[in-house]
K.L.:
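If you scroll down you'll find the structure; I have some questions about it.
The chains referred to below are lettered A, B, ... by the order of the sequence lines, with proteins before strands, and numbering in each begins at 1.
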Amino acid sequence: MGKDEYIIQVEKIAKTYNGRRVLNDISFALRRGELLAILGPPGSGKTTLLKIIAGLIKQDAGDVIINGRIVNDLPPYERGVSLVFETLALYPNMSVYENIASPLIAEKKDKEYIDRRVGEISRLLKIEHILGRKADKLSGGERQRVAIARALAKEAEIYLLDEPLSNLDAKIRYALRTEFKKLKSLLGKTIILATSDPSDALALGDKVMLLFNGAVIQEGPPIDIYYAPRNISIARYLTGNILNEVSISIDSYGKSVSMDVGQEFSIDPYFLKVLREVGETSITLASYADGCIVDKSVESCSGIKVAGEFIGYEYRGSEYLVYARKGERVFRSLRASLPNVTFGERVEVCIPHTNALLFSGKTGSLIR
Amino acid sequence: MRKPFSKEFFNKGRMLNPWLMILPAFLILLVFNIFPLLWSLGISFYRFSVIIREAPRYVGGLNYINVITSAEAWDRIIRTGIYLAYALSLQFGLGLLLSLLLFEDFKGKRMLITLFTIPLMIAPVASSLFFRYLFDENLGPVNNFLKSIAGYGPLWFSSNMSPLGIPYALLTVVLVETWIWTPFVMFLLTAGMSSIPQDLIEQSRVDSIKFRHKFRYVILPYIKPMIALALIFRFMDSLKTFDSIYILTAGGPGATTELISVYIYRVAFERWDFGSATALSYLILVIVIFMTNVFMRYILGGERS
Amino acid sequence: MVSIKLVDISKTFGSVEALKDVSLEIRDGELFAILGPSGCGKTTLLRIVAGLEKPTKGRVYFDDIDVTNIPAEIRDVSMVFQFYALYPTTVFNNIALPLKSKGYSRIDIEKRVKEIAELVGIGKALNLHIDKLNIADKQKVALARAMAKEPQVYLFDEPLTILDPVTRVIMRSELKKLQHRLKQTMIYVTHDQIEALTLADRIAVMNFGVVEQVGTSWDVYNLPNTTFVGWFLGEPGMNFVEIAVDKDDLSINIGSKKIFRDPSLGKKLLDLGLEKALLGFRAENVVLVKEVPGVHDPNSIVIDGIIRVIEFFGTHYVVNVETEGSEFKVKLSVSEFNKLMLGENDKVKALVRVDKVCFFNLDNNRRVL
Amino acid sequence: MRKRNQYTTPLVLYRVRKSLKFALLIALLAIYLIPIYGMFSLAFKPRAEIYSGLFELTRVTLENFEEAYRYGAYSAITNSIIVTVGGVAIALVLAVLASYAFSRFAVKGKNILMFYILSTRMMPPITLIIPIFIMFFNVGLKGTYLGLILVYAMMSLPLSIWMIKSFIDDIPKDIDQAALVDGHSTMFILFKIIIPMVIPGIAASAAFAAIMLWNEFLFALLLSGVDTKPTSVLLSSIRGERGFNWGRVAAIEVVYILPIIILVFWLQKYMLRGLTFGTVRR
C-alpha cells in the first residue's frame, strides 16, 4: 500500500436514536500515522462515532472503510481497530497483566509471545512495576495507562481513544498529555482521539475535526482551527464560552456605526475602512484573551476601543487575567500586572485590529 | 486458567442467542407458576373437591358470586382490614422512631442495625412458636412479669377485648408481626436517610436548626420514596400473613384471627372447597397485580430518571 | 471575629492518615485559603474547624478557648458548601431557619433576612422556592444564610467551583469586597490554584495530610518551600533538573555540561553540603534561543537541549526540551514561538536568569536557595 | 476545672439530649432482642426451670438438644438442607444465565417478562398452592424431595433473577464491549469476566434465596411427606400437642435459626437489595 493512500475512510455516516439524529453525514479520511482529534462538547456524538468505527454500534447509513475494505458488516474483532473507552472499562477482577494480555488471549497467542508483548508495552508506558496488581487497586493515572496498554497490545491498524485524559487531576492530565504526544510520535500509529477539551485537541492533533450536534463543522490543522475558526460558535467553544465579542452595525451607506456596548467607543480610521469594505451591515468582532487590552486608559488603540467596568481578575502566578464588562459583554485580557483600578471602576477595553476576528452578524461565519 | 467448557464453546466471536439463556428459567416458571395460575383460574369456575371424589362440575361465575355475597368472606376481609390498620401503623410508627434514633452516626451503628434485622430473617414459624411460650397465659414470662408489677396478666390468646379495641388474640398477632416487621420499615427508612446528601446534613448541624425543621426539610424529602416503597411491600406481604397466625392461634379462637389468607387455606384444605378458595384467591390476586403495577411504575419510573 | 489556632492536628480514618501534625494560625479577620489536590486532607481540616469531625490528636482554639470537643451544633460557625446544600423550601426560610433556632424574635428575623438578602442581591427572590433559582443565585442564598447568623468564623468548601467562569470571577470579587467590609475570619478550601492565588490573604498548600507551605500568593508561587508546591502551582508546574557542583571550579553542571560558571553560587551550595541538588525554574522564565550571542548575560544559566515535543495551546506554546536525560518545559507566547521558527528535534539553548531559579535538596525536596 | 465560657451551658444541654436518645435506643434494642435471648437460654435450661424466669440460667445443660434429636429434629434439619440447597442450586444456575440476558440484550418483551417475574414475588402463595397440590397429588410428586425442590426453585427464581440482574446492571456495558473488541466470545465474557465480578453479589442472592426457602412453611406443610418434612413443618406439628416440652422446642429452634443469624451478619451489606428484591441498590 502506498504512503498516500488512506488507512481509514469514513463516508457519510448517519445514526438516529429514538428519532434524534446523533450523527449526520460524517465523512473524513486519515493517512497512516496521523492523529485526528475529534473535538466537541459532551453529547455531540463523539463516542457514538468511535463505537461505530469499532463495530460496537451499527450505523444507519454510510460506510466505514479500513485499508480499502468496507467493514460495515464485520464484528469488532475483525476490523483491526482497538478502542480505549472513556470509562476505561478495565476488567477490575483481573490483574494488570491479565488486562493487557486479554486481546492476545482472545487471539490464542502462545504464552511466550504474550509475556514478551506485555513486557514490551508495559515498559513503554512505565507500568512494569504494577503488572501484578489488581486493576481496581490503581490510581487514576495508572488506570489510564493500563487501558492504553491494553489497546496497544492488540496489533491494530487504528487506535481509537475516547476522552483518554478525562477524569484525571489537572496536573496529571498535563503531564500525561505531553507523554502521550511523545508516545504517539514514537509509535507512529494511526490514532483517532475524541475529546471535549480544546487544549487536548490543539496540543495533540495533527488534524482537528470539530463535531457539534452530530455534524462536522470544521476540519483542519490546530493552528487553522484556532486562528481561522469557520464560525463564531467554534471560537466561543475554544475559549470556554468567554470570547471577547462586540457587535457592530454599519448602515448600508457605511456612514454611521453603532455597537451593542453603548455610545462610548472609538474606532481607528484604518480599521473603520476595513470594516466598511466588508460590505455587511452587521459584524461581530471577536478576540481571544491574549489579543485584548484592558487598562485604566488605553492611549492609542489601533482597533476598537470601548468603555467598561472592571469586575474581577484571576491571578495565575505568571500572569493576570483581567475581566471587564459592558452590559452583557464580558472582556478578558491577559496581563503581566493588575491595572490600577478597584472593582466596579471604569476601564478601557481595546481590541487591536491585528488580533480581531470578524464574523458575519447574520450567519456567524468568519469574514476575516 | 481453568476452562469449564470446551474450546469450541469459547470460540472466538461466538454469540449466544439471549433467548437461549432465558429459556430454562422461563420453563420452570411456566410449569410451576404460569400453568398453575391458569389452572387455578379454571378451577375457580368449577365445583371441585378431591375428597368427595365427584367429577368437577362447571358452574360458571357461581363461585365468585358466592364469595362476594358471603357474609363470612366479608367478615374475614374486614378483619384483615382492621389487622392491616393496626399492624402497619405500629410498624411504621416504631420503624420511623428507630430510624430517627439511628439517624446520626455513632460507633457501632452498623452493628445495631444488624442486630435489629435478625427478627426479620429468622423463620416466622420459629419466632411465633416461641412467642406462644412468652405469652403463655399461666406461666409465660410476659404474664409473670406483668403479674409481678401490675398483679394482672391478660389472656393473650382469647377473644376478650383488649384496651386497644381489638381482641387480645388479634393484638398478639399484631404484636408478633410488628416484632418481625418493624426492622423492615426501619431498614428501608434508614437506607432512605443515607441518601440525604452529606452536605445537607452537615449544613443543618452547623446551622443547628430545630429538630422539626430538620425532619421537614432535611429528612422527609429524602425518605418519601422509601416510605412509599415500604408501605407497598408491607401492604402486600401483610395480606399474605399466614405462618405466624397458623402457629399462634390457627385463626382462633373461633374466627377471631382468621385473616384472609388463613381463611382461604381453611376453605381449601379443611372444607376442601377448591372452587370457592381459588375464586377468592383470584380476587386477592387482582388487587395484588394492580398494586404491583403501581409499584413497578413507581420504582422503574424512579430508576429511569 | 476570632483568630484560630490549630495545634498538632492529626486525623486517621481506619488505617488512612488524613492529617499529620498540622499546625496553623489563622489571624483575626483574614481570608485564609487551604489549597491542595483532592485527597490531601484540606476538607477534613475544614471539617475539624467546623466541629463536624473530631481530630484524633491535637487541639483547636478559637482565640484562647479550646473548642476541640465542642460539636458543630453549638460551635457557632457558618459553612458554605460546594453544592450550596439548601433546604428544599423558600429562600426566606433558608436564611431564617438558623435564626429561628438561635432564638431571634419573629420581627428581628424578618428584618435581618431582608437586610442580608438585599446585601447579597437576592432581595427580590425571598418568597421563591429554591428550585426556581439558578446556580449563582442558589450560591448567593447559601452565602446569605451563612452571613445572617453572624458567626465567629466563615468556612467555605469550594463554594464557587460549580459556577460558570464569569460568574465565578464576579462572585470572587464580591466575596473580597464583603470580606473587606465585614473584616471576618474566613477559611476557604479549594483545589483550584487560581482561586486561592486570586482570593487569599495567605495560602496554606497541603499534600498528603501535611502543610507544605504557608504564605502569600507571591511567596508560594515564586519561592516554593518544597518541590511539591513548585510543581503544584502554575500551569505548567515548575521544572526540576538535577545539577551537580564541580568541586574544582565550583561551576554548576547538568550531567557533563557546564551551565553556570560563577563560583559564588557553587560555593553556596557546597557550603550547604550539597554536591548535587535540584534546580527549579518556571517555564515562563526561560528565554529560548537557537544560538547564544557571543557575549551573553553572565547572570543567566545556559542549558543546551533538543526539542522533543511541541504543544500548541492557543494563547501560547509549551516546548519540551530534553537535556542530558532530564526534561523541562518552556512556555512561549505565539509571537515568540513564530519568531524562533522552532520544530521538533531542533537544538536550542535555554537561558534562565539566576535570580529566577531555586535550588532544592535532593533528599527531602526542600528549597535551600 | 475548665474555665466557664460561652460554650459551657449549651454543651451540657447537648450532651444530656444525646444521652437520652441513646438510652431510648438501647432500651428498644433490649426489648427487641429479649425473645432471641430467651430462646437461647431456654434451650440450655434444665427441664425443671423452664418457667423460672427468662433471665435465670443457673445450670447449662444439653439435655434439650438430646431430646430434640430423639424427637426427629435431626432428620427435619437434614430435609431442610436438602430442599433448600436443591432449590437454590437450580434457581441460581438458571438465574445467572437469564439475568445476564436480561441485563445485556434487547430481548423483545423484556419489560413484560420482568414485570411478570416481579409480580410473582407479590402473589399470595395461596393462589398457587391449590393447583400445585392437585398436580403433585396426581403425578406422585407429593411427599418427595424433588417436588419441593422444583417448587422452591420456582419460588426463588424471581428473587435471584432480579437481584443478580441488579448486580450485573451495575457493571458498565463498556466492559462487555471492551471484551468484544478484544475478541472474546459471549460465554467467555459471561463466565470469565462478568461472573467473577459479581461473585459476592451472586453469593448474597443465593443466601437470601436460601433464607427464604429455609423459612418457608406453607408449601412444605402441604407438599412434604412424613419422611421429607422440613424443620418448619416439624415445629408446627408440635403446636398441636398438649402440654409440650418447651425446652425441646427451644433447642430445635436454636439449631434452626442459628445459621440464619450468622448469615445476617455477613449479608448486612446486601440487606437493602435483598429486602427490596434488588429494585433498590446501595
K.L.:
Report yes or no: is the cationic atom of D:R121 (NZ for Lys, CZ for Arg) closer than 6.0 Å to the six-membered ring centre of D:W162, at no more than 45° off its axis?
P.N.:
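Cation-pi check for D:R121 and D:W162: fails.
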K.L.:
Could you check which of B:V31, B:L115, B:L97 has the highest count of heavy-atom pairs closer than 4.5 Å to chain D?
P.N.:
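The answer is B:L115.
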K.L.:
Identify which part of D:L29 has an atom lying under 4.5 Å from any heavy atom of chain B, answering side chain, backbone, both or neither.
P.N.:
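Answer is both: backbone and side chain atoms of D:L29 are under 4.5 Å from chain B.
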K.L.:
Could you look at D:K108 and say if it's the side chain, the backbone, both or neither that has a heavy atom under 4.5 Å from chain B?
P.N.:
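Backbone only.
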K.L.:
Look at D:I257, D:I31, D:I130 and state which one has the largest set of heavy-atom pairs under 4.5 Å with chain B.
P.N.:
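Ranked by heavy-atom pairs under 4.5 Å with chain B, first place is D:I130.
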K.L.:
Which answer fits D:F136, side chain, backbone, both or neither, if we ask what part of it has an atom under 4.5 Å from a heavy atom of chain B?
P.N.:
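For D:F136, the side chain is the part near chain B, not the backbone.
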K.L.:
Let's test your reading of the structure: which of D:I90, D:I36, D:V151, D:V96 forms the most heavy-atom pairs below 4.5 Å with chain B?
P.N.:
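When all of D:I90, D:I36, D:V151, D:V96 are compared, D:I36 has the most.
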K.L.:
For D:R104, is it the side chain, the backbone, both or neither that has a heavy atom under 4.5 Å from a heavy atom of chain B?
P.N.:
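Neither part.
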K.L.:
Please name all residues satisfying side chain to side chain donor-acceptor pair (under 3.5 Å) with B:R205, sequence neighbours left out, ordered by chain then number.
P.N.:
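Partners of B:R205 under the side chain to side chain donor-acceptor pair (under 3.5 Å) test: C:E73.
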K.L.:
At a 4.5 Å cut-off on heavy atoms, which part of D:L263 comes close to chain B: side chain, backbone, both, or neither?
P.N.:
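Looking at D:L263, nothing touches chain B.
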K.L.:
Find the one option among D:L150, D:I132, D:L33, D:T120 whose heavy-atom pairs under 4.5 Å with chain B are most numerous.
P.N.:
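Top option by heavy-atom pairs under 4.5 Å: D:L150.
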K.L.:
So for D:V249, is it side chain, backbone, both, or neither that comes closer than 4.5 Å to the heavy atoms of chain B?
P.N.:
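Contact with chain B: side chain only.
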K.L.:
Taking D:L28, D:I211, D:T231 one by one, which has the highest count of heavy-atom pairs under 4.5 Å against chain B?
P.N.:
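Option with the greatest count: D:L28.
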K.L.:
Which residue out of D:L221, D:I161, D:L190, D:V93 racks up the most heavy-atom pairs below 4.5 Å with chain B?
P.N.:
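The answer is D:L221.
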K.L.:
In this structure, is the centre-to-centre distance between the rings of B:Y246 and D:F217 below 6.0 Å?
P.N.:
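Yes, ring centres under 6.0 Å apart.
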K.L.:
Who wins among B:I113, B:I247, B:I118 for the most heavy-atom pairs under 4.5 Å with chain D?
P.N.:
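Top option by heavy-atom pairs under 4.5 Å: B:I247.
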K.L.:
Pick one of side chain, backbone, both or neither for D:M212, based on which atoms fall under 4.5 Å of a heavy atom in chain B.
P.N.:
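For D:M212, no heavy atom lies under 4.5 Å from chain B.
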K.L.:
Using a cut-off of under 4.5 Å for heavy-atom pairs, which of B:L38, B:I34, B:L41, B:I260 has the most such pairs with chain D?
P.N.:
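Top count of heavy-atom pairs under 4.5 Å with chain D: B:I34.
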K.L.:
Checking heavy atoms, do the side chain of D:I260, its backbone, both or neither come under 4.5 Å from chain B?
P.N.:
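For D:I260, the side chain is the part near chain B, not the backbone.
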K.L.:
Side chain from CB out, backbone as N, CA, C, O: work out which of these in D:F265 comes under 4.5 Å of a heavy atom of chain B, or both, or neither.
P.N.:
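Backbone plus side chain of D:F265, per the 4.5 Å heavy-atom cut-off to chain B.
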K.L.:
Which of the residues B:Y265, B:Y282, B:F106, B:F35 is involved in the greatest number of heavy-atom pairs with chain D at under 4.5 angstrom?
P.N.:
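That would be B:Y265.
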K.L.:
Could you note down all residue pairs passing side-chain hydrogen bond (donor to acceptor under 3.5 Å, both in side chains) where residues 106-126 of chain B supplies at least one of them, sequence neighbours left out?
P.N.:
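The answer is B:D105-B:K109, B:T114-D:Q268.
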K.L.:
At a heavy-atom separation under 4.5 Å, does D:I252 approach chain B through its side chain, its backbone, both, or neither?
P.N.:
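No part of D:I252 comes within 4.5 Å of chain B.
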K.L.:
Would you call B:D273 and B:R266 a salt bridge, taking side-chain N to carboxylate O under 4.0 Å as the test?
P.N.:
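The answer is no: the pair does not qualify as a salt bridge.
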K.L.:
Can you tell me which of B:I28, B:L100, B:I122, B:L37 forms the most heavy-atom pairs within a distance under 4.5 Å of chain D?
P.N.:
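Most heavy-atom pairs within the cutoff with chain D belong to B:I122.
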